[in-house]
Protein chains: 2
Amino acid sequence: MSVRHPEVTTTCDEVRDLLERLGDRWSIYVLYEVADAPRRFRGLQRAIPGISQRMLTLTLRRLEEQGLITRTVYATIPPQVEYEMSDLGRSLGTAVLGLVTWLRENGEPLERARERFARAHGG
Amino acid sequence: MSVRHPEVTTTCDEVRDLLERLGDRWSIYVLYEVADAPRRFRGLQRAIPGISQRMLTLTLRRLEEQGLITRTVYATIPPQVEYEMSDLGRSLGTAVLGLVTWLRENGEPLERARERFARAHGG
DNA sequence: CAGGATCCAAGAAGATACTG
DNA sequence: CAGTATCTTCTTGGATCCTG
């Protein structure tokens, strides 16, 4: 996740930091799965095809670190841990909806740009 | 930039694809620099501390591929190439402003979450 | 069940030298 | 000036084994 410079953080840096965190391999999928109801580790792994145990753990920790999800441990046997989206996470979800809207409205020009580029260069 | 599956692309996949592209090391900085006026290669490299020639080239190509910036070559001596933000890029910029707003409004809770996490674990 | 620890492979990024 | 080519380094992520 690279080095950060809290002392000289500009808006650009902050945005990049956020985009970098959300744009990693699995965060969005985990956030999506956790959005509606509390979820457990196994359930998440089954719901997200291809994610490894390690990456699920890492992704959950990072999201928890940012306060986007909460982690609740129940001292039962067998152990039970629930992950749930926090209010902060939900508000971020709303903000991200702006990007979803943009994608819906611009999927077409985006696709044409890619095709044009592919034709122009050795695509 | 990983494998993509055009056939089974869900909304989640598309959003991740976008976040992944914007969340890389340099894209945001380049977009920021190019936002106001046409810029040239050298100028961009001087304006973005730490970026290498190679990464500037790669980042510019990727942004051009997505149609977010345009590239114009003037057949002069010495050669002159101008990079400029496209309408598509500008509209995306507007969408990203939603995230900037979210950051401004939630920078505080975000910071507290990180500190709490650091204290709870071996920070 | 919910992970922690370790090892390894692939891709991203940096450094450097060279060119039309 | 605006790159390309090549080599090396660093970072992510996957596979596997182990534990409370």
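In what follows, chains are A, B, ... by sequence order, proteins preceding strands, each numbered from 1. Note that this is a predicted model, so its numbers are computed, not measured.
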- Tell me: CZ of Arg25(A) to C1' of dA9(C), nearest whole Å? 15 Å

- Task: Under the side chain to side chain donor-acceptor pair (under 3.5 Å) rule, collect the residues that match up with Arg90(B), sequence neighbours excluded.
- Result: none

- Task: Give a yes-or-no answer on whether the side chains of Arg104(B) and Thr11(A) include a donor-acceptor pair shorter than 3.5 Å.
- Result: yes

- Message: Once side chain to side chain contact (heavy atoms under 4.5 Å, CB included) is applied, do any residues pair with Val81(B), and if so which ones, sequence neighbours excluded?
- Response: Arg71(B), Val73(B), Tyr83(B)

- Can you check the Ile77(B) CD1 to dG20(C) P distance for me, whole Å? 14 Å

- Query: Whole-Å distance between dG11(C) C1' and Arg21(B) CZ?
  - Reply: 15 Å

- Query: Does a nitrogen or oxygen in the side chain of Tyr83(A) sit under 4.0 Å from OP1 or OP2 of dC1(C)?
  - Reply: no

- Nearest to side-chain heavy atoms of Trp26(A), which nucleotide of dA2(D), dA13(C), dG14(D): dG14(D)

- Query: Quick one, which residues of residues 30-60 of chain B touch DNA chain C with a heavy atom under 4.0 Å?
  - Reply: Gln53(B), Arg54(B), Met55(B)

- Task: Using atom CZ of Arg61(B) as one end and atom P of dA13(C) as the other, report the distance to the nearest whole Å.
- Result: 16 Å

- Please report, rounded to the nearest Å, how far the P atom of dT11(D) is from the CG atom of Asp24(B). 16 Å

- Task: Take the protein atom CZ of Arg71(B) and the nucleotide atom P of dC1(D), then report the distance between them rounded to whole Å.
- Result: 16 Å

Result block: side-chain N/O donor-acceptor pairs under 3.5 angstrom for residues 30-50 of chain B, not counting sequence neighbours:
from	atom 1	to	atom 2	distance (Å)
Glu33(B)	OE1	Arg39(B)	NH1	2.9
Arg39(B)	NH1	Glu33(B)	O	3.2

- Message: Test of understanding: with side chain to side chain donor-acceptor pair (under 3.5 Å), list the residues that count as partners of Ser27(B), not counting sequence neighbours.
- Response: Asp24(B)

- Message: Can you pull out every side-chain hydrogen bond (donor to acceptor under 3.5 Å, both in side chains) where at least one residue sits in residues 106-115 of chain A? Sequence neighbours excluded, please.
- Response: Arg114(A)-Gln66(B)

- Message: Once you apply a heavy-atom cut-off of 4.0 Å, does Tyr74(A) come out as touching a base, just sugar-phosphate, or nothing?
- Response: nothing

